[in-house]
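Position 1 is the first residue of the sequence, and the numbers go up from there. Because the structure is predicted, anything quoted here is derived from the model rather than measured.
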Amino acid sequence: MSGKVGRPGKGPRKPIMVRTPVDLHADLDRAWRAAGYACLNDYVVDVLAAAHGRKVKPPAQSEQATLPLAETAAA
């Protein structure tokens, strides 16, 4: 074990900020959840990469268990 806490890194990244129309954001929010992504950012990166004929290497799967936060927050 490396001793590092948290999910594995995804490699070098450059941040960008994109403002979406509210109705488009709602569609994106539904889409990433329905597709089983961990977050909106991962979904958007994959959609952009596909639009440019590229594939993003998925991050290594963590052996760390995840907490059901969405279920807890909804309760």
Connected-component partners of Val47 among ILVMFWY, side-chain separation under 4.5 Å = Leu24, Leu28, Trp32, Tyr37, Leu40, Tyr43, Val44, Leu48

task = Please collect all side chain to side chain donor-acceptor pair (under 3.5 Å) contacts where either partner lies in residues 15-24, sequence neighbours excluded, each pair once.
result = none

key: Verdict with reasoning, Val45 to Arg13, per side chain to side chain contact (heavy atoms under 4.5 Å, CB included)   = CA-CA 11 Å; Val45 168; Arg13 302 286 169 145; 4.1 Å; yes

